[in-house]
Amino acid sequence: PPVCKPIRCTKIDITRTGTSVDCTNDNNHKSVCKFTCDKGYIMTGEDTIRCNLEGWDKNMPVCDKITCDPLPPINHGIVDCQDTWSENQLNCKFSCNPGYRIQGTFKELKCIAQQGETHGEWNIRNFHDKMPTCEPYTCSRLKSDDLKQLHCQNEEGHVISPSDCNYFGCTCTKKCNSDEAVRDGATSITCTLAQGSELADARYKGISKNSRSSLVDWSGKLGQCQTITCPNTGDIRISNSKAILCSNHNIKGSVCKIQCNDNFRLVGPRNFTCQESGKWTKYDINYCEQITCSRHIAGFSSISNGNVN
């Protein structure tokens with residue numbers, strides 16, 4: 001026998017982002033469906049369709065995302081365009097990474113679209129020439145004495161002059177001579193976020209200009225290059241020696257030789273060296289012993305009609 005089946009239209013597919021639909025009776029006959037677009041989207045087509053005997057009476061509308069020309073990146077900062085539209089307007093805010101402050105004529109842009117348009121315009125014309133920048137906060141300048149034998153580079157690893165290295169991310173390292181070492185301080189220091197600066201907001205919102213100098217500081221006190229020396233050789237006692245001769249006094253790398261008294265010879269290593277640790281290589285095993293011959297001369301222990309003395 002014949003069977004009566006309900007009239008249905010094709011199932012509505014709303015998997016596209018930004019589209020919502022509300023139907024009176026799903027996709028059944030005489031159902032009316034109304035489409036809406038999320039904020040930030042523009043509808044192309046009519047917002048209402050009906051399910052008739054022949055199917056839907058109109059094509060389903062499409063919601064297209066409103067866009068503006070892409071914004072260029074900002075060095076040491078971010079462009080935050082939260083996808084929350086107010087009517088046909090989107091706000092984009094510029095902010096800087098920790099250690100940097102924003103400078104420029106504006107700190108945010110608005111993407112504005114006219115009714116029915118999918119392409120918006122930024123509210124500031126020719127903004128590419130006026131883009132804000134993120135400038136580093138500065139530490140105190142290094143003292144002139146600290147600039148000697150100094151190698152500095154910025155956060156990107158580029159070598160810069162020590163006299164210009166006082167901004168966030170800049171690192172300076174002492175490069176001493178081969179016979180020197182860093183004393184009374186750090187070998188390397190960096191202009192970095194100051195301890196206790198309470199940077200709860202990494203973008204420094206609400207921080208007054210006068211307090212910004214406390215946000216960054218040097219990571220430590222820079223040491224100085226000092227000559228590495230070993231104990232004075234005048235304090236070294238080698239029995240039966242008359243002198244200790246060194247190539248460069250008691251400075252690192254100096255090689256010293258022990259000179260024994262006349263009729264004495266050295267037992268042990270001939271040389272000892274001043275090391276990087278400020279200590280001499282082992283010398284206390286050395287001593288000078290008297291040179292002697294055997295008591296009897298071979299074959300001449302006695303002589304006819306005489307003596308061997």
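Note: hydrogens, waters and symmetry copies are ignored here, and every other heavy atom, side chains too, is used.
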Quick check: closest heavy atoms across [X] and [Y], and the distance to 0.1 Å?
X      : Y      : value
Met131 : Pro72  : CE-CG, 3.7 Å
Glu117 : Ile42  : O-CG1, 3.2 Å
Gly45  : Pro61  : C-CB, 4.2 Å
Pro231 : Asn250 : O-CB, 4.0 Å
Cys256 : Thr233 : SG-CG2, 4.2 Å
Leu71  : Leu109 : CD2-CD1, 3.6 Å

Look up atom [atom1] in [X] and atom [atom2] in [Y], then write down how far apart they are to the nearest 0.5 Å.
X      : Y      : atom1 : atom2 : value
Asp22  : Asp47  : CG    : CG    : 12.0 Å
Cys96  : Ile102 : SG    : CD1   : 4.5 Å
Phe94  : Cys81  : CZ    : SG    : 7.0 Å
Arg183 : Thr187 : CZ    : OG1   : 9.5 Å
Asp38  : Thr19  : CG    : OG1   : 7.0 Å
Lys175 : Cys225 : NZ    : SG    : 10.5 Å

Residues sharing [X]'s hydrophobic cluster, by side-chain heavy-atom contacts under 4.5 Å among ILVMFWY, directly or via others?
X      : answer
Leu53  : Ile7
Ile189 : Leu142, Leu147, Leu150, Trp218, Leu222
Ile160 : Tyr167

For [X] and [Y], indicate whether the former's side chain and the latter's backbone hold a donor-acceptor pair under 3.5 Å.
X      : Y      : value
Ser254 : Asn248 : yes
Asn166 : Cys139 : yes
Thr173 : Ser188 : no
Ser31  : Asp26  : yes
Lys174 : Lys148 : yes
Thr190 : Ser219 : no

Do [X] and [Y] share a hydrophobic cluster, counting only Ile, Leu, Val, Met, Phe, Trp and Tyr and linking them when any side-chain heavy atoms are less than 4.5 Å apart?
X      : Y      : value
Ile236 : Ile258 : yes
Met60  : Val32  : no
Phe264 : Val267 : no
Val62  : Met43  : no
Ile228 : Ile251 : no

Does any part of the side chain of [Y], heavy atoms only, come nearer than 4.5 Å to the side chain of [X], both counted from C-beta?
X      : Y      : value
Asp57  : Ile49  : yes
Gln259 : Leu266 : no
His119 : Asp69  : yes
Phe168 : Leu215 : no
Trp122 : Cys92  : yes
Cys176 : Val182 : yes

Determine whether more than 12 heavy atoms belonging to other residues, nucleotides or ligands lie under 6.0 Å from atom [atom1] of [X].
X      : atom1 : answer
Gln103 : CD    : yes
Asn232 : CG    : yes
His29  : NE2   : yes

Indicate every side-chain donor-acceptor pair of residues 239-246 with a distance under 3.5 Å to a residue at least two apart or in another chain.
{"unit_1": "Asn240", "atom_1": "ND2", "unit_2": "Cys288", "atom_2": "O", "d": "3.3"}
{"unit_1": "Ser241", "atom_1": "OG", "unit_2": "Ile238", "atom_2": "O", "d": "2.6"}
{"unit_1": "Lys242", "atom_1": "NZ", "unit_2": "Asp262", "atom_2": "OD1", "d": "3.4"}

Determine, for cysteines [X] and [Y], whether their SG atoms are under 2.5 angstrom apart.
X      : Y      : result
Cys111 : Cys68  : yes
Cys33  : Cys23  : yes
Cys230 : Cys274 : yes
Cys51  : Cys9   : yes
Cys172 : Cys152 : yes

Pairs involving residues 220-230, ordered by first then second residue, that meet side chain to side chain donor-acceptor pair (under 3.5 Å) (sequence neighbours left out):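 Residue pairs with at least one partner in residues 220-230: Asp146-Gln224, Asp184-Gln226.
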Hydrogens and angles aside, do Asn91 and Lys110 bring a side-chain donor and acceptor to less than 3.5 Å of each other? yes
How are the rings of His76 and Tyr100 set relative to one another: parallel (under 30°), tilted (30 to 60°) or perpendicular (over 60°)? parallel
For residues 264-283, which residue pairs pass the salt bridge (charged side-chain N to carboxylate O under 4.0 Å, His left out) check, not counting sequence neighbours?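 Non-adjacent pairs meeting salt bridge (charged side-chain N to carboxylate O under 4.0 Å, His left out): Arg265-Glu289, Lys282-Asp284.
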